[in-house]
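The structure appears below as structure tokens.
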Amino acid sequence: MHRSDVVGRTRARSHVRTLSQHEELPLLRDHLLRLDHSSRHDRFHGYMDDGFIERYAEKCANDGTIIIAYFEDGVVRGAAELHPPEQSPDLLPEIAFSVETSVRRRGVGSFLFRQLIAEAHAKGYRSLRITTGAQNQAMRALAKKFGANLTFRHGESTGTIDLNKQNQPELAPAGFEATLAAARAIANFNRAYWRMVLRMYGWGRAA
């Protein structure tokens with residue numbers, strides 16, 4: 001089997017969706033616990049132990065936080081969080097992102113960012129706040145790409161995103177869209193194949 005075939009089949013098992021409330025605690029928690037030391041430091045602006053992450057995931061599952069997750073082989077490998085404005089002292093909804101090392105450099109962060117902005121638009125939010133560690137170059141670059149004006153304070157970069165300027169989001173990366181399209185194509189092919197087999201043996205109705 002060619003390496004390209006293996007890669008294609010692996011990518012076809014990727015998808016993105018919003019987690020239901022009962023899924024948030026186990027799936028978000030397990031994803032955050034899998035982050036390596038550096039990624040965990042970047043996500044929480046400092047190292048946090050497993051107990052903190054478990055309490056954090058439980059809080060998200062109970063306070064109305066929206067989680068958009070990137071799945072690969074049925075496992076959450078990336079997550080975008082939209083925290084409700086009432087959780088913030090200035091009533092600005094806050095966003096946060098985490099992507100496991102194994103799926104980086106595939107456009108996952110950018111795709112999740114776009115999905116989260118679309119969700120914020122749908123909820124009628126006008127602006128978002130993002131806070132990231134001063135050393136988290138990837139997230140700082142991503143935030144600036146979407147119009148965040150970042151300022152530095154106490155080792156953190158904090159900025160706001162004006163959603164009025166996000167009405168024309170960029171298209172998702174071609175490779176990432178191809179991943180999702182491949183998954184849909186395979187599913188459609190499988191359904192068509194089995195319909196044909198059933199008709200051949202008289203077990204199904206003709207379309």
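Position 1 is the first residue of the sequence; numbering continues from there.
- By the criterion of side-chain heavy atoms lying less than 4.5 angstrom apart, applied directly or through intervening Ile, Leu, Val, Met, Phe, Trp or Tyr residues, Met48 is grouped together with Leu35 in one hydrophobic cluster.
- From Asp63, atom CG reaches atom CD of Glu86 across 8.0 Å, with rounding to the nearest 0.5 Å.
- By the 4.5 Å heavy-atom criterion applied to side chains, Leu92 and Thr160 are counted as neighbours.
- A salt bridge links Arg40 to Asp50: one of the charged nitrogens lies within less than 4.0 Å of a carboxylate oxygen.
- Contact record, Tyr125 with Pro85: OH-CD, 3.2 Å, taken as the closest heavy-atom pair.
- Across every non-hydrogen atom of Thr65 and Pro84, the tightest pair is OG1-CD, 3.7 Å.
- Linking ILVMFWY side-chain heavy atoms closer than 4.5 Å, directly or via other members, places Val76 and Ile66 in two distinct hydrophobic clusters.
- Between Met139 and Ser157, the closest side-chain pair of non-hydrogen atoms is not below 4.5 Å.
- Residues Pro93 and Leu82 come closest through the heavy atom pair CB-CD1, 4.2 Å.
- Annotation: Arg126, atom CZ; neighbour count of heavy atoms from other residues, nucleotides and ligands within 6.0 Å does not exceed 12.
- Here the side chain of Thr151 pairs a donor or acceptor atom with the backbone of Thr158 at under 3.5 angstrom.
- Side-chain heavy atoms closer than 4.5 Å link hydrophobic residues (I, L, V, M, F, W, Y) into clusters, and following such links, possibly through other members, connects Leu142 to Val99.
- Using a cut-off of 4.0 Å between Lys/Arg side-chain N and Asp/Glu carboxylate O, Arg17 and Glu23 are scored as salt-bridged.
- Cluster annotation: Phe111 is not connected to Leu27 through the hydrophobic network of ILVMFWY side chains, with a link wherever side-chain heavy atoms come within less than 4.5 Å.
- Proximity of Gln87 to Lys59: side-chain heavy atoms (C-beta onward) are separated by under 4.5 Å at one or more points.
- Side-chain contact check for Arg114 versus Phe146: some heavy-atom pair is nearer than 4.5 Å.
- Judged purely by distance below 3.5 Å, without hydrogens or angles, the side chains of Asp162 and Ser127 never pair a donor atom with an acceptor atom.
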Verify side chain to side chain contact (heavy atoms under 4.5 Å, CB included) between Arg106 and Tyr70, making sure each step is shown before the conclusion. CA-CA 12 Å; Arg106 299 187 192 174; Tyr70 167 76; 3.9 Å; yes
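- Under 3.5 Å, the side chains of Asp36 and Ser39 contain a donor-acceptor pair of N or O atoms.
- Taking 4.0 Å as the cut-off between side-chain N and carboxylate O, Arg77 and Glu72 do not count as a salt-bridged pair.
- Within the model, atoms CD1 of Ile130 and CD1 of Ile95 stand 4.5 Å from one another, a figure rounded to the nearest 0.5 Å.
- No side-chain donor from either of Glu58 and Tyr56 sits under 3.5 Å from a side-chain acceptor of the other.
- A centroid separation of 6.0 Å or more is found between the aromatic rings of His41 and Tyr47.
- If you look at Phe97 and Phe113, their ring centroids are closer than 6.0 Å.
- Across Leu25 and Ala57, no two heavy atoms sit closer than the pair CD1-C, 3.7 Å.
- The distance from atom CG of Leu112 to atom CD of Glu119, rounded to the nearest 0.5 Å, is 12.5 Å.
- Val16 and Leu28 fall into different hydrophobic clusters, where Ile, Leu, Val, Met, Phe, Trp and Tyr side chains are chained together by heavy-atom contacts under 4.5 Å.
- Atom CG of Asn149 is surrounded by 12 or fewer heavy atoms from other residues, nucleotides or ligands within 6.0 Å.
- Taken to the nearest 0.5 Å, the OG atom of Ser14 stands 11.5 Å off from the CZ atom of Phe71.
- Glu24 places no side-chain N or O within 3.5 Å of a backbone atom of Gln21 that could act as its donor or acceptor partner.
- The CD1 atom of Ile117 lies 7.0 Å from the CG atom of Leu128; values are rounded to the nearest 0.5 Å.
- Under 3.5 Å, the side chains of Ser98 and His31 contain a donor-acceptor pair of N or O atoms.
- Nearest heavy atoms, Glu81 versus Leu116: O-CD2, 3.4 Å.
- For the pair Ala148 and Ile161, the tightest heavy-atom approach, listed with the atom from each and the gap, is CB-CG1, 3.7 Å.
- With Arg43 contributing its side chain and Leu32 its backbone, the two residues share no donor-acceptor pair below 3.5 Å.
- Classification of Arg129 and Glu94 as a salt-bridged pair holds, one side-chain N sitting under 4.0 Å from a carboxylate O.
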